[in-house]
Every structure is written in structure tokens, then in C-alpha cells.
Protein chains: 2
Amino acid sequence: MKGINLEDMSFLLKLISDKTRLTMLAYLKNGEMCVCEFVAVFDLSQPAISQHLKKLRTAGIICERKQGTWVYYRLNPDLPVYISDLIRALPTLIIKKCSCQTSKLPPTPSVKDGV
Amino acid sequence: MKGINLEDMSFLLKLISDKTRLTMLAYLKNGEMCVCEFVAVFDLSQPAISQHLKKLRTAGIICERKQGTWVYYRLNPDLPVYISDLIRALPTLIIKKCSCQTSKLPPTPSVKDGV
DNA sequence: TATAAATATTATCATTCACTTATATATTGC
DNA sequence: GCAATATATAAGTGAATGATAATATTTATA
């Protein structure tokens, strides 16, 4: 996945520059995040969150991992350099508590579990 | 001029990500460029060009230099790092010939003239 | 299998945005 | 001052976009 020409770069930058999606990427700097966590963090409806994530996923910016009913998203490790540089420039955000039934949440496999 | 928070970054990235404006910045990597040159390069009306340049100027991405009837634009040397990095990632474009009366054009002062 | 929870999809709507046309402003040279 | 050139501004329009509400899909569990 490379942003060779201006057309592609324009497309990806426009996709990323939306405030909600840019904030999503800032959160994903820390690692995986569940859809329900995004729903908890933003003052937006669940469908709105879902649609933003779909755009990022379709563009290849993020990857998904399904575990039961939950869907976890993470940054695509193979991003164009100018995109990963941009993400690196984002402030790091703290993840708030999830709105879903956290007691039933499967343990989020951390990096060291080697997913 | 710094893009500290996500709000500012979103604003600037959205502004830059437009294909026409991104292409303008790619041209400006080479140095100054006259408005009439932009008009010659793009398949857009003169007012459309003017409005794009105004957005870039108002946001502090580019600076202007007036010389007679002509207006030259150049990159603001003091851009947020993540913006200048982005511009550096842009392909370098060749400037086509201007549509205005080139015979009357004042000589464009190059970098070595120390404007 | 029925229910609930998490997520995705669809339809619709309001807003934003980039474009065009028309007009205004500014500078140069006669 | 007047005409021509370069650029900017204003008004209006169509398309793209982000939001919501309603509904569908999927999975776990009682």
C-alpha cells in the first residue's frame, strides 16, 4: 500500500483529516481498541462510529480482529510512510472506559501475546 | 504556527488534502509561483484558483508577494513539522508556461536574489 | 430456540464545499 | 483619465459528506 501519486495522497489525507477519524487514529497509537470503546469515547451514535471505522478499514488504514461479538481495530502496520509519520505526530490519548458490559469482556490480548 | 491539538491538525489536513490545493503545494516545492501560472496549470477558472490560494494563505500555509499586477506565492517557511514533512513527501512537478503576457512579466527573483 | 448484546447497513437529511458566472479592485501604460 | 491586464470577491448551485433513526446481522448464552 503506497501513496504514489497526488490522487491517492489526496484521497487518504482527506479520509484521515476528518476530526473524528483523526482522533480514532490517535487512540489507536496505543494499540488495539474495541468498537464499543470508540462508542464510549465519542459523543456520536454507534452507527456513526461504525461508518467512520468502515471508511478507515476500506482504505486500508486499520485492520480488524473479531472475537465473539466484539470487533477490535488496530493500525495497519504497513502504511505509507507519510501516513505513519502523520499518525506519529498525533497526540497520545487516554482510553476511557467502555460502555459495553465490561464484566463479560474477553481479556484484550496485549502485544506480548503475539496476535 | 503550530498544530498542537487534534482540532488544529484536522483543520489544516482537511485544507491541504484537497487535490487541487495539494497539487499547488507540490508545485510550490520548487519555489515561488505566480497566480497566472496556476491558472495555466489547472483546468479551472481563475476565480477557483484564487479561492484555493486564499484558503492556503488564510491558513498560513503560503505567503504572497505582490509585484505590480502579479502576485507570487511561496510556501510559508515556518510550517508545523507534520505539514512540511507532508509537503516533502509530495512528488515534484514541472511548472508549465504561464497564460498571461509573459513578454511583460517581470523577472521572477530566484532564491539567490534573497527576497 | 429465544433473547440480549455488539456491530453493521440502509435510508434520509442538513451542512459543507468546490465550482461557475458576474462583478469589483488594483496596477500599468497610453 | 481611460483602457487593458491580473487578481479578488460575491452570489448561486450541485455534489459530497457526516449525522441520525430505523433495521438487519451475528454471536453468546439462558
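Order of the sequence lines sets the chain letters (A, B, ...), proteins ahead of strands, with each chain counted from 1.
Between atom CD of residue B/E37 and atom CD1 of residue B/I49 there is a gap of 12.0 Å, rounded to the nearest 0.5 Å. Expressed to the nearest 0.5 Å, how far CG of B/L56 lies from CG of B/L28 amounts to 8.0 Å.
Using a 4.0 Å heavy-atom distance criterion, B/L53 is classed as making no nucleic acid contact. Residue B/K54 is classed as a sugar-phosphate contact, given heavy-atom separations below 4.0 Å to backbone atoms only. Across all strands shown, A/F38 has no heavy atoms under 4.0 Å from either base or sugar-phosphate atoms. At a threshold of 4.0 angstrom between heavy atoms, the contacts of B/I49 with the nucleic acid are absent. B/Y73 comes within contact range of the sugar-phosphate backbone alone, with a heavy-atom separation under 4.0 Å but no base atom that close. Here B/K19 lies out of heavy-atom contact (under 4.0 Å) with every strand.
Atom pair B/L22:CG and C/dA18:C1' shows a separation of 16 Å (rounding to whole Å applied). Spacing between atom CD of A/Q46 and atom P of D/dA21 amounts to 12 Å, rounded to whole angstrom units. Nucleotide C/dT25 holds its P atom 22 Å from the CH2 atom of B/W70, rounded to whole Å. For A/Q51 and C/dA11, the CD to P distance is 12 Å, given to the nearest whole Å. B/K55 has its NZ atom 20 Å from the P atom of D/dT7, to the nearest Å. Residue B/Q67 contributes atom CD, which lies 19 Å from atom P of C/dA26 at whole-angstrom precision. Atom-to-atom, CG of B/L44 to P of C/dA18 comes out at 11 Å; the value is rounded to the nearest Å. Rounding to whole angstrom units, CZ of residue A/R65 and C1' of C/dA6 are separated by 15 Å.
Residue A/S50 places none of its side-chain N or O atoms closer than 4.0 Å to OP1 or OP2 of C/dT7. Residue B/T69 has no polar side-chain atom (N or O) positioned under 4.0 Å from OP1 or OP2 of D/dA6.
For the pair B/H52 and B/G68, nearest-nucleotide mapping onto DNA chain C gives the more 5' position to B/H52. Where A/K66 and B/K66 each meet DNA chain D at their nearest nucleotide, the meeting point lying more 5' is that of B/K66.
Remark: of the listed residues A/I16, A/T20, A/L15, A/T20 is the sole one forming a side chain to side chain contact (heavy atoms under 4.5 Å, CB included) with A/D18.
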